[in-house]
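To start, the structure under review is shown below, and the notes come after it.
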Amino acid sequence: MDLVEIVPHAEPPVCKITDLGKMKYQSQKKAAEARKRQKTIEIKEIKMRPNIDDHDYETKMKAARRFFDDGDKVKVTLRFRGREMAHMELGMKLLNRVREETTEIAKVEAEPKLEGRQMMMVLAPRA
């Protein structure tokens, strides 16, 4: 048995006679359990093209809603190919449509920005 100081800053300090090895083991188990229950937030990516069809768009949005329900962030990526680069406004219009349809369940974490031939936006679930 060991004399273990429980609350050192109290007046007078609080001590307890216990088995130190058992106490360390229990605190390790408690920490492991807390790590196991912890939810890691992942970033899921949804790739689209600027001229996406309505049904394909709805399928992608259904997947995005499922990701938000799981508590994950969603990165919406628009890839421009060839002459689509001349019509950036179509891509911006599509990302604004995504933003409007997910306003009640998600907030914009990163505004739409163009990087090379891709336009990206990151959405996070509302807590």
Side-chain angles (χ1 to χ4, degrees):
M1 297 301 252
D2 299 298
L3 182 66
V4 180
E5 191 175 30
I6 305 294
V7 186
H9 303 296
E11 203 47 56
V14 178
C15 295
K16 183 175 171 182
I17 297 175
T18 185
D19 185 7
L20 186 62
K22 182 178 178 183
M23 193 169 135
K24 281 185 179 179
Y25 175 75
Q26 287 174 341
S27 66
Q28 282 177 345
K29 292 295 272 185
K30 197 178 207 179
E33 189 69 27
R35 275 195 307 274
K36 190 167 79 172
R37 294 200 192 287
Q38 190 175 24
K39 171 74 172 115
T40 57
I41 297 176
E42 295 180 32
I43 296 182
K44 303 285 189 170
E45 187 173 18
I46 293 184
K47 294 183 180 182
M48 296 185 193
R49 294 276 307 280
N51 55 353
I52 191 169
D53 195 44
D54 287 335
H55 184 264
D56 297 331
Y57 174 80
E58 291 301 323
T59 305
K60 301 274 187 181
M61 292 309 296
K62 196 180 293 181
R65 285 189 189 92
R66 191 177 69 242
F67 295 150
F68 289 133
D69 291 341
D70 293 343
D72 297 326
K73 293 181 183 180
V74 175
K75 177 180 177 183
V76 181
T77 305
L78 244 67
R79 168 144 302 151
F80 294 95
R81 288 170 51 189
R83 293 187 182 170
E84 291 174 349
M85 288 295 289
H87 300 286
M88 293 292 176
E89 70 278 358
L90 292 176
M92 205 57 184
K93 212 185 284 185
L94 183 64
L95 287 179
N96 286 332
R97 181 177 167 196
V98 170
R99 177 191 294 174
E100 289 168 10
E101 288 187 15
T102 60
T103 50
E104 66 276 351
I105 57 173
K107 59 181 181 280
V108 177
E109 194 169 85
E111 292 292 327
K113 66 178 179 214
L114 187 67
E115 290 181 2
R117 292 190 160 273
Q118 298 190 116
M119 195 177 279
M120 286 181 257
M121 176 173 68
V122 179
L123 300 166
R126 290 194 187 272

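These numbers come from a predicted model, not from an experiment.
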[X] versus [Y], closest heavy-atom pair with distance:
X: Pro112; Y: Met121; result: CG-SD, 3.7 Å
X: Ile46; Y: Lys60; result: CD1-O, 3.4 Å
X: Lys73; Y: Ile41; result: CG-CG2, 3.9 Å
X: Ile6; Y: Lys16; result: CG1-CB, 3.7 Å
X: Phe68; Y: Ala106; result: CZ-CB, 3.5 Å
X: His87; Y: Phe80; result: O-CE2, 4.1 Å

Going by heavy atoms in the side chains, are [X] and [Y] under 4.5 Å from each other?
X: Met48; Y: Val98; result: yes
X: Arg97; Y: Met61; result: no
X: Leu95; Y: Val76; result: yes
X: Val74; Y: Ile43; result: no

Exercise. So, the side chain of Glu84 versus the backbone of Arg81: is there a donor-acceptor pair under 3.5 Å, distance only?
Worked result: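 At least one qualifying donor-acceptor pair exists.
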
For this session: Would you confirm whether Arg99, through its side chain, and Glu111, through its main-chain N or O, come within 3.5 Å as a donor-acceptor pair?
Result: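 Side chain of Arg99 to backbone of Glu111, a donor-acceptor pair under 3.5 Å: no, none is there.
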
To the nearest 0.5 Å, what is the distance between [atom1] ([X]) and [atom2] ([Y])?
X: Lys107; Y: Thr102; atom1: NZ; atom2: OG1; result: 11.5 Å
X: Met88; Y: Met119; atom1: CE; atom2: CE; result: 5.5 Å
X: Asp72; Y: Arg66; atom1: CG; atom2: CZ; result: 10.5 Å
X: Thr59; Y: Asp53; atom1: OG1; atom2: CG; result: 9.5 Å
X: Arg49; Y: Asp56; atom1: CZ; atom2: CG; result: 11.5 Å

Problem set entry | Gln118 and Thr77 side chains, donor-acceptor separation under 3.5 Å | no

Problem set entry | Carboxylate-amine/guanidinium proximity below 4.0 Å for Glu58 and Lys62 | no

For this session: Decide side-chain contact (heavy atoms from CB on, under 4.5 Å) for Glu45 and Met120; before the verdict, give the C-alpha distance in whole Å, the side-chain angles of both, and the deciding distance to 0.1 Å.
Result: CA-CA 10 Å; Glu45 187 173 18; Met120 286 181 257; 5.5 Å; no

Exercise. Got more than 12 heavy atoms from elsewhere within 6.0 Å of CG, Leu3?
Worked result: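 Check passes, neighbour count above 12.
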
